[in-house]
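For clarity, every value in this text was computed on a predicted model and none was experimentally measured.
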Amino acid sequence: MKDKRTLYRNRKAGKVAGVCAGIAEYFNLETWLVRVAVVSIFLLGGSGVVFVAYIALWMILDEKPLNADNDPTDLSVKKKVWQAGEPAKQALQDVSAKFHTLESRLRAIETYVTSDQYELKRQINNL
């Protein structure tokens with residue numbers, strides 16, 4: 001099943017209204033790249049069209065929901081310079097840190113479960 005994407009304004013990552021940030025997120029591009037393209041078109045003679053399109057998208061697009069960024073399984077690695085995401089080296093470090101945290105929690109649980117205190121509490125609860 002394909003991932004359903006929706007075009008939103010991303011005010012959290014935006015400078016003015018979040019239109020460029022929303023477009024960049026939708027097409028998986030870096031935000032700065034979309035901003036440079038919009039400003040370039042604006043300065044190279046398409047100022048009326050870009051201004052009207054920006055205002056129209058500002059009014060038409062909904063803001064990105066706050067809970068849309070809270071997906072812990074969302075890990076995007078950039079393969080090209082213009083793609084959004086983090087470099088592979090940074091993503092690997094982040095995943096390694098998450099696994100290290102999980103491993104230390106698992107060790108603490110194993111230590112408790114294999115301790116005499118756990119066995120004593122279990123026997124008391126069985127009485």
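- S96 places no side-chain N or O within 3.5 Å of a backbone atom of Q93 that could act as its donor or acceptor partner.
- Looking at heavy atoms from C-beta onward, C20 lies out of side-chain contact with W32 at the 4.5 angstrom threshold.
- Residues V49 and F42 do not share a hydrophobic cluster, clusters being chains of Ile/Leu/Val/Met/Phe/Trp/Tyr side chains in contact below 4.5 Å.
- Interatomic distance, CD of E103 versus CD of E110, reported as 9.0 Å (0.5 Å rounding).
- With a 4.5 Å cut-off on side-chain heavy atoms, E63 and K12 do not count as touching.
- A continuous path of Ile, Leu, Val, Met, Phe, Trp and Tyr side chains, each step under 4.5 Å between heavy atoms, connects F51 with W58, placing both in one hydrophobic cluster.
- When all heavy atoms are compared, the tightest approach of Y54 to V19 is CE1-CB, 3.5 Å.
- Going from atom CD1 of I23 over to atom OG1 of T31 covers 10.5 Å, rounded to the nearest 0.5 Å.
- The CD1 atom of I60 sits 11.0 Å away from the CZ atom of R9 when rounded to the nearest 0.5 Å.
- Criterion: ILVMFWY side-chain heavy atoms under 4.5 Å apart, direct or through other members. Under it, V52 and I55 are not part of a common hydrophobic cluster.
- The structure places CD of Q123 at 10.0 Å from CG of D116, a figure rounded to the nearest 0.5 Å.
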Worked verdict on K15 versus R35 for side-chain contact (heavy atoms from CB on, under 4.5 Å): CA-CA 10 Å; K15 297 288 184 189; R35 288 183 185 137; 3.5 Å; yes
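- Considering only heavy atoms from C-beta on, S40 comes within 4.5 Å of V36 through its side chain.
- Note that CG of L61 and OG1 of T6 are 10.5 Å apart. Values are rounded to the nearest 0.5 Å.
- The hydrophobic clustering, which links ILVMFWY residues whose side-chain heavy atoms are closer than 4.5 Å, places L44 and I41 apart.
- Taking CD of E25 as the reference point, atom CG of N10 lies at 5.0 Å (rounded to 0.5 Å).
- Within the 4.5 Å cutoff, side-chain heavy atoms of L120 are placed close to those of I124.
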